[in-house]
Amino acid sequence: MVLLQIEAFTSPRFFYVAIGITSGLILVLVGCMLALLLLKNAAQARQLRLQYQFKDWLVGILLEEAVEAGHAFDVPQDIARLLKKGFARRVLLQELKSLKQSLSGQPGENLEKLYRQLGLPELSLRNLHSSQWHLKAKGIQDIAIMNVPELMPEIYPLTNHRHPAVRMEAQIAMVFLQQYEGLHFFEELAYPLTEWHQVKLLQLLASQQIPSEEVITRWLHSSNASVVQFALKLIGEQHASNFQHEVIACLSHPDETVRRQAISCLGEIPSGLASTALKKLFLTEADKDLQMTILTELSKTGAPEDLPFLQELQQNSDADIRLAADQAIRHLQTQAEAYQHLA
Amino acid sequence: MEYLYHFFNSGLLVYAVCMLSCYIFLGTLAIAEAITYLRKSKLTDYNLLASSPFAPSVSILAPAYNEGANIVENVRSLLNIYYNHLELIIINDGSKDDSMAKLIAAYQLEPVNISYHPRIPTKKVKAIYKSTNSVFGKLVVIDKENGGKADALNTGINIAKHQYLVCIDVDCILEQDALLKLLKPFMESTEKKVIATGGVVRIANSCLFENGKLVEVNLPKQFLPRAQALEYIRAFLLGRMAWSRLNGLLLISGAFGAFDRKIAIEAGGYDHRTVGEDMELVVRMRRYMADRKLPYKVTFIPDPLCWTEAPATYQILGRQRNRWMRGTIETLRMHRGLFFNPKYGLLGMLSYPYWFFFEFLAPVVEFTGFVLFVVLALAGLINWPFFLALTGFIFIFGWLFSIFAILMEVATFNQYKKKGEVGKLILTAILEPFLFHPFVVWSSIRGIVDLVRKKNSWGEMTRQGFSAPPVAKPDTGA
């Protein structure tokens with residue numbers, strides 16, 4: 001009975017209707033495609049035209065020397081007329097952002113001043129207040145790049161936003177605007193920092209002096225494992241050997257990623273103490289992958305005192321560990337020979 | 001008898017409705033995923049990874065068999081990739097031509113003694129080479145006995161030192177920022193471990209290349225590669241994007257994909273018993289994670305990052321599609337325990353059944369339907385008005401799906417910008433059901449027959465090579 005009912009839908013008339021609807025949809029899609037192509041091409045052409053029109057004016061502004069606080073840049077009438085339109089303002093904002101990212105010093109400051117003078121922070125702020133995550137994130141990015149520190153109170157609450165892209169941009173903006181001080185959101189961080197995010201933050205802080213021991217120690221004791229991992233990366237990158245004891249303490253952290261990072265970090269701040277701690281961890285560590293990481297670090301930073309430990313491992317039942325111990329011994333011997341040769 | 005006839009008719013109808021519903025569902029998901037990806041991508045500075053000391057380390061594995069004609073240029077192209085923590089491992093899988101000699105001469109290679117533990121069994125490695133020239137410091141060349149693509153890749157996995165593996169075909173041309181984009185998903189996950197990431201493969205026929213870099217994108221001039229360009233847009237921009245959103249992706253193209261090395265090794269590496277080793281590895285890695293109740297993800301990057309030459313003749317296309325079908329069946333057979341197995345969640349309840357019913361069975365149903373039609377037509381039992389209406393609808397729905405895929409391409413990456421190229425794609429979509437699709441179905445059926453007859457050849461892929469931009473010749477006045 002059911003089968004016969006299904007068959008009712010298989011009459012040619014049913015398919016004629018379906019063909020009609022599908023053909024209509026095809027026409028609509030082709031129409032959309034044509035409209036999209038036309039719109040895209042027109043927008044691209046308009047953008048290129050605007051970029052060309054802005055070019056000489058922006059070059060002039062970049063070359064202006066230090067200006068007094070109240071000084072306003074000259075905005076030619078034709079540019080002012082253009083900037084009454086939303087599209088032109090968005091194109092200009094994009095231009096200012098890309099220029100600002102590659103320029104510092106006086107030209108960079110001039111761009112910031114121009115951004116404020118033209119009231120573009122309003123555009124960024126409107127995006128920041130948008131309910132759509134990508135606009136919110138874009139608004140934050142604009143504010144950070146164009147250096148508007150007075151908007152930090154608006155950005156700070158977003159460092160714990162539920163959307164990863166928004167909170168990441170907010171956290172980056174805080175560091176952009178305040179460097180290490182901006183990282184005080186670590187204290188209340190509800191989500192883990194991704195590896196990507198950590199790389200970005202480290203890049204922003206690369207040229208900055210490492211903050212006080214107290215701050216770093218606090219991060220190393222954070223309940224958020226990704227904050228501990230970040231602090232270890234920072235210590236390793238800056239070769240801050242004064243944190244050696246704290247790093248060694250992290251070798252017994254319950255989180256595997258923290259232990260791994262602590263092992264790598266000790267490889268960047270090598271010492272007899274670090275080597276002893278790594279050897280001790282090797283014997284208690286259940287994760288073979290971490291044991292292999294320890295041997296890799298020992299091969300990079302080990303000393304002749306580590307040879308007996310490594311030689312013992314050459315008898316290990318695991319082929320990978322035997323091989324890694326062999327490689328570490330060979331590396332240490334090559335290094336010793338090189339030193340002898342130099343001496 | 002009549003009841004059986006109705007049952008057959010209705011069964012086919014239900015099958016067709018399910019298939020069309022799946023396509024509509026996947027298309028809708030693909031839109032959502034594409035929008036999210038593009039919005040995220042606009043905010044991202046991918047160059048961040050290029051020079052960071054914290055960027056993950058990567059081993060590119062490129063197996064080569066009798067690639068002597070282009071091997072030196074192909075390796076140069078891969079060495080140009082913009083990434084710091086990188087080793088490029090070329091695996092010469094017992095080539096019978098002069099591939100090895102050319103590589104040794106071009107890159108000043110010398111045998112080196114590298115100790116490694118072969119965790120995955122492979123054919124014998126004859127020698128491992130590194131360059132004496134520090135400019136090629138990232139290059140490692142393995143010369144081994146012939147064992148097939150899976151065996152070559154496993155040898156590469158054994159020797160690779162780095163955290164992630166990027167497996168590619170040696171003749172693929174990668175965009176400069178390909179690795180930066182492909183590796184980002186591995187660094188973004190917190191709750192679920194990303195075990196693999198797939199990338200889009202685009203058709204390089206008629207495109208222009210210079211020093212191993214893509215300099216001009218063109219829509220293929222020949223019909224067959226153009227039909228494949230359309231097919232790849234449909235498969236990658238609609239199918240894989242949607243499956244990626246569902247975290248149900250079963251296939252990462254062997255031509256371009258990244259894997260977590262540790263998981264790939266623990267799962268057992270590539271299986272050399274199948275010609276669909278790329279799909280089989282992804283399925284096995286997923287099973288490995290699911291069996292251990294470890295949260296995981298397989299992601300997909302829709303940017304056009306990898307360009308490859310598509311078969312330009314029916315003969316070579318036939319071999320390729322024959323192999324693909326055999327690979328699909330072998331993988332489905334090896335992992336039949338997943339079929340509607342709730343223990344594997346989406347993998348068992350949706351991804352596997354989809355592949356079974358709509359990737360493996362679809363050509364069988366189509367072919368059976370065609371044979372049945374011929375028999376019934378000869379017996380004069382065809383209800384012509386119904387037949388014509390149904391056939392018309394199926395063709396029009398196929399066109400709708402293709403046009404939708406082209407619209408997605410125009411709205412997202414819009415690679416074919418030259419005048420008339422989108423029009424040509426639409427025309428190809430109209431011709432495809434008559435000139436391309438039947439041949440693909442026929443090749444798939446031949447694949448099934450070959451599998452039953454235990455003919456397991458890879459099928460040689462002859463390539464024409466990539467073209468360089470035309471050099472302006474001085475006017476001789478002739």
Side-chain angles (χ1 to χ4, degrees), chain A residues 2-7 9-16 18-20 22-23 25-26 29-30 32-34 36-37 40-41 101 132-135 137-138 140-141 164-165 168-169 191-200 202-203 206 226 233 236-237 289 318-320 322-324 326-327 330, chain B residues 3 6-7 9-11 13-14 17 35-36 38-40 42-45 48-49 51-56 115-119 183-191 262 383-397 399-400 402-404 406-407 409-411 414 417 422 426:
Chain A
V2 176
L3 294 175
L4 289 172
Q5 275 175 353
I6 290 175
E7 248 195 16
F9 291 100
T10 59
S11 72
R13 188 175 292 174
F14 176 79
F15 285 108
Y16 295 147
I19 287 171
T22 318
S23 307
L25 277 174
I26 290 179
L29 290 186
V30 172
C32 287
M33 205 184 303
L34 285 174
L36 196 65
L37 276 172
K40 267 190 165 185
N41 288 342
Q101 280 178 301
Q132 295 196 52
W133 66 267
H134 66 285
L135 291 179
K138 189 180 174 298
I140 299 169
Q141 203 177 56
M168 182 170 148
E169 285 305 330
Y191 300 91
L193 299 165
T194 64
E195 290 274 347
W196 177 271
H197 190 182
Q198 290 181 40
V199 170
K200 180 72 193 175
L202 286 162
Q203 184 212 35
S226 66
K233 280 183 184 169
E237 196 188 27
D289 215 41
D318 190 300
D320 290 320
R322 282 202 305 274
L323 191 68
D326 270 347
Q327 280 168 346
R330 261 208 308 277
Chain B
Y3 184 79
H6 284 308
F7 182 80
N9 245 359
S10 310
L13 182 71
V14 170
V17 168
I35 290 173
T36 309
L38 289 174
R39 284 176 174 173
K40 259 191 188 176
K42 265 189 185 167
L43 295 164
T44 308
D45 171 17
L48 173 68
L49 272 195
S51 55
S52 169
F54 297 102
S115 326
Y116 68 97
H117 173 215
R119 276 175 274 190
L183 291 168
K184 187 172 178 262
F186 289 103
M187 302 180 70
E188 280 185 319
S189 64
T190 50
E191 284 150 21
K262 189 175 165 236
N383 173 355
W384 286 102
F386 172 73
F387 169 77
L388 290 173
L390 176 68
T391 310
F393 174 70
I394 288 169
F395 274 104
I396 287 179
F397 187 84
W399 288 331
L400 175 74
S402 293
I403 301 286
F404 178 60
I406 299 170
L407 175 64
E409 162 69 7
V410 169
N414 199 20
K417 291 182 186 129
V422 171
I426 294 175

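Keep in mind that the numbers below use all heavy atoms, side chains included, and drop hydrogens, waters and symmetry copies. Keep in mind it's a predicted model, so treat the numbers as computed, not measured. Chain naming here is simple, since letters A, B, ... match the order of the sequence lines and numbering starts at 1 in each.
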Query raised in the report: Quick one: what part of B:K262 sits under 4.5 Å from any heavy atom of chain A, side chain, backbone, both or neither?
Result: side chain

Report task. Any chance you could measure B:K417, atom NZ, to A:N41, atom CG, to the nearest 0.5 Å? Result -> 9.5 Å

Query raised in the report: Less than 4.5 Å apart, any side-chain heavy atom of A:P164 and any of B:E188?
Result: no

Requested in this report: Determine whether more than 12 heavy atoms belonging to other residues, nucleotides or ligands lie under 6.0 Å from atom NZ of B:K42.
Outcome: no

Query raised in the report: Which atoms of B:S52 come close to chain A, meaning under 4.5 Å heavy atom to heavy atom: side chain ones, backbone ones, both, or neither?
Result: side chain

Query - Value rounded to 0.5 Å, distance of CG in B:N414 from CG in A:L37 - result: 6.0 Å

Requested in this report: With a 4.5 angstrom heavy-atom cut-off, could you sort out which part of B:P385 is near chain A: side chain, backbone, both or neither?
Outcome: both

Requested in this report: Please look at B:L183 and chain A and tell me whether the side chain, the backbone, both or neither of the residue comes under 4.5 angstrom of a heavy atom of that chain.
Outcome: neither

Query - Heavy-atom check, side chain of B:W399 versus side chain of A:T22, under 4.5 Å - result: no

**Report entry** Top contributor to chain B contacts, counting heavy-atom pairs under 4.5 Å, from A:L34, A:V30, A:D289, A:L202
**Finding:** A:D289

Requested in this report: Might you work through the side chain to side chain contact (heavy atoms under 4.5 Å, CB included) test for B:R39 and A:W133, ending with a clear yes or no?
Outcome: CA-CA 9 Å; B:R39 284 176 174 173; A:W133 66 267; 3.6 Å; yes

Query - Heavy-atom closest contact (A:I19 atom, B:A389 atom, distance) - result: CD1-O, 3.4 Å

**Report entry** Whether B:F393 and A:F15 hold their rings parallel, tilted or perpendicular, with breakpoints at 30° and 60°
**Finding:** tilted

Query raised in the report: So what's closer than 4.5 Å to chain B heavy atoms on A:L323: side chain, backbone, both or neither?
Result: side chain

Query raised in the report: Side chain, backbone, both or neither: which part of A:R322 has a non-hydrogen atom closer than 4.5 Å to chain B?
Result: neither

Report task. Identify which of A:S226, A:G236, A:A18 forms the greatest number of heavy-atom pairs closer than 4.5 Å to chain B. Result -> A:A18

**Report entry** Atom pair CG (B:L407) and CD1 (A:I26), whose distance is rounded to the nearest 0.5 Å
**Finding:** 12.5 Å

Report summary line: Most heavy-atom pairs under 4.5 Å with chain B, out of A:K40, A:R330, A:K138, belong to A:K40

Report task. Could you tell me which portion of B:T44 (side chain, backbone, both or neither) has an atom closer than 4.5 angstrom to a non-hydrogen atom of chain A? Result -> side chain

Report summary line: Of A:D320, A:L193, A:L36, the largest count of non-hydrogen pairs under 4.5 angstrom with chain B goes to A:D320

Query - Derivation of the side chain to side chain contact (heavy atoms under 4.5 Å, CB included) call for A:Q101 and B:D45 - result: CA-CA 11 Å; A:Q101 280 178 301; B:D45 171 17; 5.9 Å; no

Report summary line: In this structure, CE of B:M187 is separated from NZ of A:K200 (nearest 0.5 Å) by 12.5 Å

**Report entry** Under 4.5 Å from a heavy atom of chain B, the part of A:E169 involved
**Finding:** side chain

Query raised in the report: Between CE of A:M33 and CD of B:E409, what distance do you get to the nearest 0.5 Å?
Result: 10.5 Å

**Report entry** Leading residue by heavy atom contact count with chain A [cutoff under 4.5 Å; candidates B:T190, B:L388, B:L43]
**Finding:** B:L43

Query raised in the report: Where on A:L135 is there a heavy atom nearer than 4.5 Å to chain B: the side chain, the backbone, both, or neither?
Result: neither

Query raised in the report: Which distance, rounded to the nearest 0.5 Å, do you find between the NE2 of B:H117 and the CG of A:D326?
Result: 12.5 Å

Report task. Indicate yes or no: at least one non-hydrogen side-chain atom of A:E237 is less than 4.5 angstrom from one of B:F54. Result -> yes

Report task. Go through the atoms of A:Q327 and report whether side chain, backbone, both or neither lie under 4.5 Å from a heavy atom of chain B. Result -> side chain

